[in-house]
Every structure is written in C-alpha cells, then in structure tokens.
Colleague: 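Supplied in structure tokens, the structure appears directly below.
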Amino acid sequence: MEYFLTEEQKMIKELAARIADERIKPVAAELDEKEEFPWEIMKVLAEADLCGVYIPQEYGGLGGGVFEQVLVVEELSRACSGVAVSYAATGLGAFPILMFGTEEQKKRYLPDIAAGKRLAAFALTEANAGSDAGAIETTAVRDGDYYILNGTKQWITNGGEAEIYPVIAMTDRSKGPRGATAFIVEKGTPGFSFGKKEKKMGIRASATRELIFTDCRIPKENVLGREGMGFIVAMKTLDRTRPGIGAQAIGIAQGALDVAVKYARERHQFGVPISSFQAIQHMLADMATQLEAARALVYATARMIDAGVKEFSKEAAMAKLFASDMAMKVTIDAVQILGGYGYMRDYPVEKMMRDAKITQIYEGTNQIQRNVIALELIKEYAGRK
Ligand code: COS
C-alpha cells in the first residue's frame, strides 16, 4: 500500500528501520532473555535525533506529530517491541506536558526529552485502579506552596529509568474523577522511590516498576493544567497515544509476517516448500490483509489527530483495538506456520506472540476500547432520524 509519505517522513521511517535492523534485531533475543533495559539503543535513537520527532522545533524536536511517532514505533517494534515501548512510553510522559504544560514547564522538560537526555513516563494506574481510572487512591494535599503526595502507582513503563513523571493524584476525592490533578514529579525528589522491577510475559527489555510516594513534596508550579483537571489530562493523553499502541501492534505483526513468509518459502515437507500448500497460503493472505487494514486505520487516525481534528477518542480507540487484536492473531498464526520451530526460542515468533499480548491490555484493555467506541457511536446518533 502506498501511503504517500513526505520526504521527511520517508527519512524518519528509513532511519528507524535501519536502527531496527542493524542495532536492535541482533540483540532482541538477548535483551528479552536478560530482561535488560536497552540503554545502548536509547542512546543510538537519541544520536539519530529520533527522540523528539513529535516535539515542536521550538522545544528542540523535529516538529512532527503523532504520525511521525507512529512511523518510528512501528519500525522499532518490527525488531523488538520491548525496545519500542521504552521509546514510546517517553512520548506517553511527554504528551501531557506538550498539551497542558505552561510555557515554563515545556521549556524545562521538553528539550531534554527531545534530545534523549532524559526519559519520561506516565503514572496513572494503581493496584485498585486499572480500567476504572477514576478510582485512584494516591492523594495530593495542598500545604502552602506545595502539595504532599502519598500513594503507590503500579506497572509504570519506564519506571525507575525515566526522570520525568506526570503523575495523577486525588486532590479532592469527594469530586470523583473531577477531583484528580496531574503533577510533574522528577526522579530524585525526596519521598519518591521505586518498587521492584516486574517480571513480565513479554516486552521484557522494557522496565515496569511501582512508583512509591511517601510525603513527597511537590511545588505547586508542577501542577499540569489546573487542580481538578487530572482525569481530563489522562484521558486526552491516552486519546493521543493509543494510535502508538496500534503502531506497536502493526510493527510486531509485520515482523512476524516477514519471518513466516520467509520460513514458508524455505521449509520443505513432502518434497515441496510449504508455501506451495493452500492451507499455508490462505493463512499468509489473511495475515497480510489484516495487517494492511490495521496499518491504514492507524495511519489515518494519526494523520487526523495531527490535522487538528478536535474529537478523536473513538478513532484512537478503534486503531488500538483493531491493530492489537490483529497482532495477536497474526503472531499466533506465525507460530503455527513455523510449527515446532515457532515454539522454540531459536526463532523470534514466540517472543512476538508474547509481546503482542500486552497491546490488547495496556493503555486501556480492548474491552475498555469497545466501551469508548460504543458510547461515542451511540452519542453520534443522538437526535438523528
Ligand atoms: N476526553 C476528554 N474528557 C473525557 C474523556 C476524553 N477522552 N473521557 C472521559 N472524559 C470526561 C467525561 O466527559 C467526564 O467529564 P464530566 O464529569 O464533565 O462529565 C469525566 O471525564 C469522567 O468521565 P466518565 O464518567 O466517562 O469516566 P469513567 O470513570 O466512567 O471512565 C473510562 C471512563 C473507562 C473510559 C476511563 O476510565 C478509561 O479510559 N479507563 C481506562 C484507563 C486506561 O487506559 N488505563 C491504562 C493506563 S496505561 S497508561
């Protein structure tokens, strides 16, 4: 499919593809096995100027948008989505600042993020607040010019490795979601520590940790937006980043399809390559068709967001939902085509299947995406004859 990328977008995509093939693919299995954070590769991405593709030039970025970020995430995910999510999660931490930060906050944090000097992360989820994001229990109590944070955030991607954390906490529990506020918290702030690194099924190169706040004093200048806007900051951030999960999913699926087609051409059974069997051909045809449909949806959504359309919750949820369900199916089929070899760690498809699973879960489970899509859809029909 031809997506008519600009010359700059082609360059960004090719650069990310080169790094994926030359620097990430050779070490992907080892990073997965050792569950090692890919600092070396983060440095390579920073040197290649890819960390700020979605950040405006005035803050040191390349001045692109969600679409440019999608192009990078897709290419990196083709090689290793554990690496890709470490890159993407910094975007998840940067978007609240980009969208809701004051000029001073933007100048303070975005240039370092764009240069790849400091990573970011986004802290919303808690042990008792996953899908029900409004149920967070972390509190922030005003004390003069400060807020005192207490509570624990769970499963934070880039936790411990990142230095800049937009954190959502309750400033007025009686108001429900409207009583939440977003704060920027820096690593090293007294009272801010990290829990153990989680052991995960997939995306093992990425770091996932608890964030623990114990009487952590945050200056009031670090509020993002206004007091009471925290839930909106979170929801609007997720609307903008869910296509990125779609990009991760299409990258993983492309990686799996590449391995499956190559294998089907080389593997001989009954005296012929298995690619000559219709059973295999039809699986490959379905995988490629579903992948291209998902890519078209993810790209169209990202471009729509960058064009400045105001409402895109539904499309962002659709892109994430469709692409992640597709990636799960395509990677399962890739393992099936490789048969016993597919189940072994000698080939990369079992890792891709493990990595695909999380795209159906994080940044809102696919059940939540269906809720968002259905509610928006039903709203659109209100008053129609
Ligand atoms: N953009 C702007 N505002 C939004 C919004 C969005 N996308 N979604 C909700 N809101 C607003 C609502 O309009 C409502 O405002 P009012 O109080 O003015 O009516 C407020 O936020 C509360 O919304 P709602 O009542 O719909 O909240 P719920 O508690 O029912 O939760 C879901 C809605 C389930 C959609 C939300 O909690 C969610 O997205 N959960 C998944 C969270 C997630 O993705 N977690 C993974 C984190 S990994 S970083």
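Residue numbers count from 1 along this sequence. Counting starts at 1 for both ligands and their atoms, following the listed order. Please read these numbers as outputs of a predicted model, since none were measured by experiment.
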Colleague: More than 12 foreign heavy atoms under 6.0 Å from CZ of Arg178: is that the case here?
Modeller: no
Colleague: Is the ring pair Tyr165/Phe194 parallel, tilted or perpendicular, if the boundaries are 30 and 60 degrees?
Modeller: tilted
Colleague: Are Val73 and Ile245 in one and the same hydrophobic cluster, where Ile, Leu, Val, Met, Phe, Trp and Tyr link if side-chain heavy atoms are under 4.5 Å apart?
Modeller: no
Colleague: Could any protein non-hydrogen atom be found less than 4.0 Å from atom 13 (O) of ligand 1?
Modeller: no
Colleague: Is it the case that Arg384 places NZ or CZ above or below the six-membered ring of Tyr381, under 6.0 angstrom from the centre and within 45 degrees of the axis?
Modeller: yes
Colleague: Identify the closest protein heavy atom to atom 11 (C) of ligand 1: which residue and atom is it, and at what distance?
Modeller: Ile232 CD1, 3.7 Å
Colleague: For Lys13, what residues pass the salt bridge (charged side-chain N to carboxylate O under 4.0 Å, His left out) criterion, not counting sequence neighbours?
Modeller: Glu75
Colleague: So which of Glu376, Met229, Arg242 gets nearest to atom 44 (O) of ligand 1, if we judge by its closest heavy atom?
Modeller: Arg242
Colleague: Quick test of your reading of the structure: of Arg178, Lys320, Lys153, Met235, whose heavy atom lies closest to atom 9 (C) of ligand 1?
Modeller: Met235
Colleague: Please list the nearest protein heavy atom to atom 47 (C) of ligand 1 with its residue and the distance rounded to 0.1 Å.
Modeller: Thr125 OG1, 3.5 Å
Colleague: Flag atom 23 (O) of ligand 1 as yes if some protein heavy-atom distance to it falls below 4.0 Å, otherwise no.
Modeller: yes
Colleague: Under 4.0 Å from atom 32 (C) of ligand 1, do we find at least one protein heavy atom?
Modeller: no
Colleague: What protein heavy atom lies closest to atom 46 (C) of ligand 1? Include the residue and the distance to one decimal.
Modeller: Gly364 N, 3.4 Å
Colleague: Output yes when a protein non-hydrogen atom is found under 4.0 Å of atom 26 (O) of ligand 1, and no otherwise.
Modeller: no
Colleague: More than 12 heavy atoms of other residues, nucleotides or ligands under 6.0 Å from CZ of Arg226: yes or no?
Modeller: no
Colleague: How close does the nearest protein non-hydrogen atom get to atom 7 (N) of ligand 1, and which residue and atom is it?
Modeller: Asp239 OD2, 2.9 Å
Colleague: Can you check whether a protein heavy atom sits less than 4.0 angstrom from atom 39 (O) of ligand 1?
Modeller: yes
Colleague: What's the shortest distance from atom 37 (O) of ligand 1 to any protein heavy atom, and which residue and atom give it?
Modeller: Ser131 O, 3.3 Å
Colleague: Are there protein heavy-atom neighbours of atom 3 (N) of ligand 1 below 4.0 Å?
Modeller: yes
Colleague: Of the options Arg118, Arg209, Lys187, which is the one that meets Glu161 in a salt bridge (charged side-chain N to carboxylate O under 4.0 Å, His left out)?
Modeller: Arg209
Colleague: Do any N/O atoms on Val372 end up under 3.5 angstrom from N/O atoms on ligand 1?
Modeller: no
Colleague: Would you kindly confirm whether Leu284 and Met328 end up in one hydrophobic cluster when ILVMFWY residues are joined by side chain heavy atoms under 4.5 Å apart?
Modeller: yes
Colleague: Are any side-chain N or O atoms of Gln254 and backbone N or O atoms of Ser77, one a donor and one an acceptor, separated by less than 3.5 Å?
Modeller: no
Colleague: Walk me through it: do Lys117 and Glu163 pass the test side-chain contact (heavy atoms from CB on, under 4.5 Å)?
Modeller: CA-CA 10 Å; Lys117 280 190 195 152; Glu163 303 198 30; over 6 Å; no
Colleague: Taking only non-hydrogen atoms of Gly130, do any sit less than 4.0 angstrom from ligand 1?
Modeller: yes
Colleague: Using the benzene-type ring in the case of Trp, are the ring centres of Phe95 and Tyr54 under 6.0 Å apart?
Modeller: yes
Colleague: Would you call Tyr362 a ligand 1 contact, heavy-atom distance under 4.0 Å?
Modeller: no
Colleague: Is Asn371 touching ligand 1 with its side chain, its backbone, both, or neither, if touching means heavy atoms under 4.0 Å apart?
Modeller: neither
Colleague: Please confirm whether the backbone N or O of Thr208 pairs with a side-chain atom of Thr157, one donor and one acceptor, at under 3.5 Å?
Modeller: no
Colleague: Report the nearest protein non-hydrogen atom to atom 29 (O) of ligand 1: residue, atom name, distance rounded to 0.1 Å.
Modeller: Phe231 CZ, 4.1 Å
Colleague: Determine whether the side chain, the backbone, both or neither of Ser313 has a heavy atom under 4.0 Å from any heavy atom of ligand 1.
Modeller: side chain
